[in-house]
Enquirer: 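Below are the structure tokens for one structure; questions will follow.
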Amino acid sequence: MNKVVIVTGGGRGIGAATSKLLAAKGYQVCVNYLANAQAAEAVVCEIRELGGSAFSFQADVSNESDVISLFDATEKAFGPVTHLVNNAGVLFSQMTFSEIDLERFNKVMMSNVTSCFLCSREFIRRIDPIATGSIVNVSSAASRSGAPFEYVDYATSKGAMDSLTKGLSLELAPKGVRVNSVRPGFIYTDMHADGGEPNRVERLSPQIPLQRGGTPDEVANAIVWLLSDEASYVTGSFIDLAGGR
Ligand code: NAP
């Protein structure tokens with residue numbers, strides 16, 4: 001089967017590591033990005049230098065028409081999309097629940113949940129009825145912790161993503177299309193700087209049973225396994241990648 005994957009937010013962090021590993025496994029990869037074209041293009045160049053196939057595509061995955069354009073462009077480049085990684089996500093500065101304003105709350109929900117809904121729906125609407133396919137959603141350990149005093153909005157969005165994963169996996173199971181999730185803990189990416197604390201992973205490492213943060217590659221390994229036929233009997237499942245937390 002020709003394996004064609006869209007990785008949302010594939011230009012940086014966990015998405016970049018996932019895009020590169022998928023390309024190394026023979027997938028043709030659409031590296032989606034929102035604003036950082038340079039980072040996405042660097043991922044594409046690295047993949048091509050190693051003999052893989054990839055292209056980058058700007059789309060705000062919380063926007064319906066952008067999502068349609070993203071799938072149209074990927075189909076045009078590589079053929080029907082067979083796999084999807086809903087990885088794009090945002091996190092804003094640490095604050096208590098009562099300080100969070102509505103604009104921020106809505107932005108987090110749009111970026112983290114609506115994006116997952118729109119991309120998954122587009123994927124399902126277009127998937128070949130006789131082909132099997134697979135979706136992996138990048139949730140967070142925050143869906144279990146609630147992230148009090150930091151980002152309850154973010155944790156809420158990831159909790160919603162977990163419900164989406166469960167419900168959609170049960171709807172699609174009879175068709176043989178699998179939907180799973182990874183829930184990373186503290187991973188070394190730019191995201192913590194966006195949350196206002198670039199050294200957050202180091203600060204919290206002593207509280208992690210494995211005594212360290214995780215790497216994007218460690219998360220990518222789990223995503224790629226869940227997406228693959230090696231995980232053919234796994235659906236509606238969650239892999240916690242949080243060093244034992
Ligand atoms: P990151 O390095 O900040 O990357 C986030 C990516 O999402 C960027 O590529 C960004 O695009 C993209 N993005 C954001 N909003 C988008 C939108 N509306 N449309 C398209 N792309 C969008 O963060 P990361 O740590 O790798 O995070 C990846 C996923 O892992 C997120 O869902 C995050 O919640 C989850 N996660 C991360 C951690 C952690 O500790 N790092 C822990 C648990 C879960 P640009 O490059 O164009 O800005």
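Predicted model only: the values in this text are computed from it and were never measured. First listed ligand is number 1; within each ligand, the first listed atom is number 1.
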Enquirer: Mark up the atoms of ligand 1 that fall under 4.0 Å of a heavy atom belonging to Val90, in ascending order.
Expert: 14 (C), 15 (N)
Enquirer: Nearest to atom 25 (O) of ligand 1, what protein heavy atom do you find, and at what distance?
Expert: Thr189 OG1, 2.6 Å
Enquirer: Can you report which non-hydrogen protein atom sits closest to atom 9 (O) of ligand 1, along with the distance?
Expert: Gly9 O, 3.4 Å
Enquirer: Heavy-atom contacts under 4.0 Å between His192 and ligand 1: side chain, backbone, both, or neither?
Expert: side chain
Enquirer: Output the distance between atom OG (Ser140) and atom CE (Met161), rounded to the nearest 0.5 Å.
Expert: 10.0 Å
Enquirer: One thing to verify: whether Lys25 and Glu230 come together as a salt bridge, which I'm taking to mean a side-chain N less than 4.0 angstrom from a carboxylate O.
Expert: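 So Glu230 does not pair with Lys25 through a salt bridge.
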Enquirer: Got the closest protein heavy atom to atom 5 (C) of ligand 1, with its distance?
Expert: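 The answer is Gly89 O, 3.8 Å.
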Enquirer: Using a 4.0 Å heavy-atom cut-off, say whether Pro216 meets ligand 1 through its side chain, its backbone, both or neither.
Expert: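 Contact part for Pro216 vs ligand 1: neither.
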Enquirer: At a 4.0 Å threshold, what atoms of ligand 1 neighbour a non-hydrogen atom of Asn32?
Expert: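 Going through ligand 1 atom by atom, the ones under 4.0 Å from Asn32 are 20 (C), 21 (N).
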Enquirer: Could you tell me, atom by atom, which parts of ligand 1 come under 4.0 Å of a heavy atom of Phe186?
Expert: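 In order of numbering, the contacting atoms are 40 (O).
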Enquirer: Which of the atoms in ligand 1, numbered in the order shown and given with their element, are less than 4.0 Å from a heavy-atom of Ala59?
Expert: 19 (N), 20 (C)
Enquirer: Among all the protein's non-hydrogen atoms, which is closest to atom 29 (C) of ligand 1, and how far away is it?
Expert: Asn87 O, 3.1 Å
Enquirer: For ligand 1, is there an atom lying under 4.0 Å from some heavy atom of Tyr154?
Expert: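 Flag set, Tyr154 near ligand 1.
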Enquirer: Can you check whether Ser140 has an N/O within less than 3.5 Å of an N/O in ligand 1?
Expert: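 Ser140 vs ligand 1: no N/O contact under 3.5 Å.
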Enquirer: With atoms numbered from 1 as shown, which atoms in ligand 1 lie under 4.0 angstrom from a non-hydrogen atom of Val138?
Expert: 29 (C), 30 (O), 32 (O), 35 (C)
Enquirer: Give me each pair satisfying salt bridge (Lys or Arg N to Asp or Glu O under 4.0 Å) with a member in residues 179-199, each pair once, sequence neighbours excluded.
Expert: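 Found Arg12-Asp190, Asp162-Arg183, Arg183-Asp240, Glu197-Arg203.
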Enquirer: Considering only non-hydrogen protein atoms, determine which one is nearest to atom 42 (C) of ligand 1 and report residue, atom name and distance to 0.1 Å.
Expert: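 Atom 42 (C) of ligand 1 sits closest to the protein heavy atom Gly185 O, 2.8 Å.
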Enquirer: Could you see which bit of Lys158 sits under 4.0 Å from ligand 1, with heavy atoms only: side chain, backbone, both or neither?
Expert: side chain
Enquirer: Among Ile187, Val43, Ile14, Asn63, which residue places a heavy atom closest to atom 37 (C) of ligand 1?
Expert: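 Answer by nearest heavy atom: Ile14.
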